[in-house]
Amino acid sequence: MTQSPAPRPPMTLLIAAPRGFCAGVDRAIIIVERAIEKYGAPVYVRHEIVHNKFVVDSLKAKGAIFVEELDQVPDGVPVVFSAHGVPKAVPAKAEERGLDYLDATCPLVSKVHRQAERMVTAGRHILFIGHKGHPEVIGTFGQVPEGTMTLIETVEDAEALAPVDAENLAFLTQTTLSVDDTAAIVATLQRRFPSIIAPKGEDICYATSNRQTAVKAIAGRCDAVYVIGAPNSSNSLRLVEVAEREGTPARLIQRADEIDFAWLESVSTLGLTAGASAPEVLVREVVDRIAEHFAVTEEQVETAQETISFKLPRGLEAA
Ligand code: 2E7
Ligand code: F3S
């Protein structure tokens, strides 16, 4: 007699919304796709267009070639700059070489770039709150002359800073930071340097803050949280931190094959979210894989609705 399979234990999935792709990521991916349609393959892309292997591999399959530096792009082929932005020297070099280039920098990053230029023109020294080595940080530093911007990563950095002219400061931030950590750094700077100029509006973007609010809303009700995203995705890493700070164990996974079922053994409510560069198909893949092991009940928890979209660069609009 064949034995019937053991019943699957119950599992509630609380799925945060908003999650996943933001308007800047949608736009950046479309730019690569349209560039391939317009110019034909291959189209080069400087840096991962967004920090997600699945997205990068899908675009590779369509004819994109990913490189880290412009000098890896052969003469005569078009190149796309990633959503994270590039130092000014990069488009300048592309022009010098006569390369066709398309800039997929998120418009919200470009806005920070323009503010940096304006602040430096006004004679201010900029304190830039961000994570060392991240491409967005490298791109923003590359908008202004060397020595006019200082990186602040932590409250300790803000406390230790000894500026040449404390009366002449401004600050800006990376777009994907922790809202709470940044508020603490800004409070420190404003206490120490009361005349510091703040950015016009918030630099942390709507997508970053909405995803943090959403994961915060579910974390307290969950035994554990999975964030779908890549290890080099700043905004995804921040979502793990936010969940952990609510006292809930949280982990980053890229795809369903990284699910640790031993970790889920004592979990009856699991939170799920995805970073701004992680496509919804990967969320579905994770849900479906969990449903093979558990009797799943899904609940969407929505803390905001997003309607924002960005225009494409001229020449790439739909026909
Ligand atoms: C561009 C910018 O690609 P991501 O994972 O990038 P981060 O900056 O979070 O590592 O996510 C989309 C994105 C976010 N910010 C793209 Cl500046
Ligand atoms: Fe732009 Fe924010 Fe997305 S800066 S690329 S809208 S995460």
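In listed order, ligands and their atoms are each counted from 1.
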Query raised in the report: Under the 3.5 angstrom rule, does the side chain of Arg114 hit a backbone N or O of Val109 as a donor-acceptor pair?
Result: no
Query - Plane angle bin for His293 and Phe261 - parallel if under 30°, tilted between 30 and 60°, otherwise perpendicular - result: parallel
Query raised in the report: Which protein N, O or S atoms sit under 2.8 Å from atom 3 (Fe) of ligand 2?
Result: Cys22 SG
Requested in this report: Select all protein residues for which some heavy-atom-to-ligand 1 distance is less than 4.0 Å, and list them by chain and number.
Outcome: Val25, Val50, His51, Ala83, His84, Val109, His134, Glu136, Thr175, Thr176, Asn232, Ser233, Ser234, Asn235, Ser277
Donor-acceptor pairs are to be reported for all side-chain atoms of residues 86-95 against protein atoms at under 3.5 Å, with residues two or more places apart or in another chain.
residue : atom : partner : partner atom : Å
Lys88   : NZ   : Glu117  : OE2          : 2.2
Lys93   : NZ   : Glu96   : OE2          : 3.2
Glu95   : OE2  : Tyr101  : OH           : 2.7

Requested in this report: For residues Ala116 and Ile126, report the shortest heavy-atom separation together with the two atoms involved.
Outcome: O-CD1, 3.4 Å
Query raised in the report: Which side-chain hydrogen bond (donor to acceptor under 3.5 Å, both in side chains) pairs, counting each pair once, include a residue from residues 11-25, with sequence neighbours left out?
Result: Arg19-Glu280, Arg19-Gln300
Report task. Tell me whether the centres of the aromatic rings in His47 and Phe66 are closer together than 6.0 Å. Result -> no
Query raised in the report: Are any side-chain N or O atoms of Arg124 and backbone N or O atoms of Met119, one a donor and one an acceptor, separated by less than 3.5 Å?
Result: no
Report task. Check whether any side-chain heavy atom of Gln254 sits under 4.5 Å from a side-chain heavy atom of Ile228, and report yes or no. Result -> no
Requested in this report: For residues Leu59 and Glu33, determine if any side-chain heavy atom of one lies less than 4.5 Å from a side-chain heavy atom of the other.
Outcome: yes
